[in-house]
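Take a look at the structure below.
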Number of protein chains: 2
Amino acid sequence: MDTSQLLKGVLDLAVLAVLRNEDGYGYDVLRRLRTGGMDEVGDASVYGTLRRLYRAGYLTSYVVPSDEGPHRKYYGVNEAGRTKLAESEEAWRAFAATLDGILRKGAAA
Amino acid sequence: MDTSQLLKGVLDLAVLAVLRNEDGYGYDVLRRLRTGGMDEVGDASVYGTLRRLYRAGYLTSYVVPSDEGPHRKYYGVNEAGRTKLAESEEAWRAFAATLDGILRKGAAA
DNA sequence: GCGCACTACCGCGCTATGCGTAATAGTGTC
DNA sequence: GACACTATTACGCATAGCGCGGTAGTGCGC
């Protein structure tokens, strides 16, 4: 029941997806993912993913000092990120379809 | 485009699935997966997964000396394996649904 | 005014797992 | 006799999510 392994290679996609229409800061992305059903995703994973995607050139980043609390590091998806998102989404769908096929075939045979 | 990361935590499920109706040996499992669409799965991954599942008590194992070639180590899914398979399959479907939801929500918002 | 909770971020080290590579070994082909 | 295919195993690497702890700011209750 280790949901964590399922996240591998998919968290990138999820993070890009929740950022695609609206910039967000780490803690916010975390909340979006958790509200979206990924209850168990760890904060360190999200921050790490954001930094990784940023380093890879898929995200823009800017810090906004907050009046009420610590500063917030906002991230936004740039063109490269949108391309990556589209690719990852397709790869995910293809992969999901493949696995579904294997699961069904096993059941049928 | 690193499909390999998507496999994480799912290869167990796929292997159990292709073995669920018919015992098979490693190389055969590998072929079943590749024919099923998982072209890029490595042989070492499959053998490793089989050993891991066997150690975890989900598979039975018996060696069959072959007339034409090296011996074959057959694996079969036992009761624990079937339970595991059912659980994993459900976890997978739930997870896939969650991610689909996040992808759709991002697109809609 | 001090501790505590919540927001917000970061770094370190651990672990699981798929993969590359190489080794072993039997059989058939050219 | 070198090579290709089947079949398995072992060693070590890289990726990435996570647990844990630390830093820091704000506000609340006692």
Side-chain angles (χ1 to χ4, degrees), chain A residues 1-16 23-35 38-56 58-59 61-75 88 91 95 98-99, chain B residues 1-16 23-35 38-56 58-59 61-75 88 91 95 98-99:
Chain A
M1 296 302 239
D2 201 1
T3 342
S4 80
Q5 288 301 320
L6 290 176
L7 267 183
K8 299 257 175 180
V10 166
L11 189 53
D12 286 26
L13 172 56
V15 166
L16 286 171
D23 290 3
Y25 52 98
Y27 206 81
D28 189 32
V29 169
L30 181 64
R31 266 193 306 240
R32 292 186 199 175
L33 292 175
R34 290 204 171 140
T35 320
M38 291 187 171
D39 304 45
E40 307 169 35
V41 66
D43 62 335
S45 307
V46 173
Y47 288 119
T49 300
L50 285 169
R51 279 197 299 273
R52 194 154 28 80
L53 289 174
Y54 175 70
R55 262 202 313 276
Y58 298 127
L59 298 179
S61 174
Y62 50 101
V63 171
V64 176
S66 170
D67 290 350
E68 23 183 72
H71 72 282
R72 293 165 173 174
K73 189 180 274 185
Y74 277 78
Y75 291 95
S88 299
F95 181 79
T98 297
L99 183 54
Chain B
M1 297 300 241
D2 203 2
T3 342
S4 78
Q5 289 299 322
L6 291 174
L7 265 183
K8 300 254 172 179
V10 167
L11 189 53
D12 286 26
L13 172 56
V15 166
L16 285 171
D23 290 3
Y25 53 97
Y27 206 83
D28 188 33
V29 169
L30 181 65
R31 267 193 306 239
R32 292 186 199 175
L33 292 175
R34 291 204 170 140
T35 321
M38 292 187 169
D39 305 43
E40 308 170 33
V41 67
D43 60 337
S45 308
V46 172
Y47 286 118
T49 300
L50 285 169
R51 277 197 300 272
R52 193 154 28 80
L53 290 174
Y54 174 71
R55 262 204 312 276
Y58 298 127
L59 298 179
S61 173
Y62 50 100
V63 172
V64 176
S66 171
D67 289 348
E68 23 185 69
H71 71 282
R72 293 165 172 174
K73 190 180 274 185
Y74 277 78
Y75 291 95
S88 299
F95 182 79
T98 297
L99 183 55

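Keep in mind it's a predicted model, so treat the numbers as computed, not measured. The sequence lines fix the lettering, A, B, ..., with proteins before strands; numbering per chain opens at 1. Hydrogens, waters and symmetry mates play no part in the numbers below; they use all other heavy atoms, side chains included.
Residue A/L30 is classed as having no contact, given no heavy-atom separation below 4.0 Å to the nucleic acid. The residue A/G48 sits apart from the nucleic acid: no heavy atom pair falls under 4.0 Å.
For C/dC9, the OP1/OP2 oxygens have no side-chain nitrogen or oxygen of A/R51 closer than 4.0 Å. For the OP1/OP2 pair of C/dG18 and a distance below 4.0 Å, the side-chain nitrogens and oxygens of B/T49 include at least one atom meeting the criterion. For B/K73, a side-chain nitrogen or oxygen approaches OP1 or OP2 of D/dT9 to under 4.0 Å. Taking 4.0 angstrom as the limit, B/R31 places a side-chain polar atom (N or O) nearer than this to OP1 or OP2 of D/dA7. Contact annotation: A/R52 side-chain N/O to D/dG17 OP1/OP2 distance is under 4.0 Å.
Summarising the geometry, the separation between CZ on A/R34 and P on C/dC6 is reported as 13 Å, rounded to the nearest angstrom. Atom-to-atom, CD of B/E40 to P of C/dT17 comes out at 20 Å; the value is rounded to the nearest Å. Here D/dC18 presents its P atom at 7 Å from CG of A/L11, a figure rounded to the nearest Å. If you take CG of A/L33 and C1' of D/dG17, they are 13 Å apart, rounded to a whole angstrom. Rounded to a whole Å, the CG atom of B/D23 is 17 Å from the C1' atom of D/dA7. In this entry the distance linking CG of B/L99 with P of D/dG17 reads 12 Å, nearest Å. Rounded to an integer number of Å, the gap from CD of A/Q5 to C1' of D/dT15 is 11 Å. When the P atom of D/dA7 is taken as reference, atom OH of B/Y75 falls 14 Å away, rounded to whole Å.
Each of A/D43 and A/G9 lies near DNA chain D, and the nucleotide nearest A/G9 is the one positioned closer to the 5' end. Nearer to the 5' terminus of DNA chain D, by closest-nucleotide assignment, is the contact made by A/D12 (compared with the other of A/P70 and A/D12). For A/A44 and A/H71, each mapped to the nucleotide of DNA chain C holding its nearest heavy atom, the one lying further toward the 5' end belongs to A/H71.
Ring geometry for B/Y54 against B/Y75 counts as perpendicular: the plane angle is over 60°, on a 0 to 90° scale with 30° as the lower cut.
Here the nucleotide nearest the side chain of B/Y27, chosen from D/dG25, D/dT6, C/dC9, is D/dT6. Comparing D/dA7, D/dA10, C/dA8 against the side chain of A/Y47 picks out C/dA8 as the nearest. With D/dT8, C/dT17, D/dG25 as the candidates, the nucleotide lying closest to the side chain of B/Y25 is D/dT8. Side-chain atoms of A/R72 lie closest to C/dA8 of the nucleotides C/dA8, C/dC9, C/dC19.
Between B/K73 and B/V63 there is a side-chain heavy-atom pair separated by less than 4.5 Å. Residues B/D12 and B/R52 are in side-chain contact: their nearest non-hydrogen atoms beyond the backbone lie under 4.5 Å apart. Using a 4.5 Å heavy-atom cutoff, the side chains of A/L6 and B/L99 are not in contact.
Looking only at distances, no side-chain donor or acceptor of A/S45 sits under 3.5 Å from a matching main-chain atom of A/V41.
For the residue pair A/Y62 and A/D23, a side-chain donor N or O sits within less than 3.5 Å of a side-chain acceptor on the partner.
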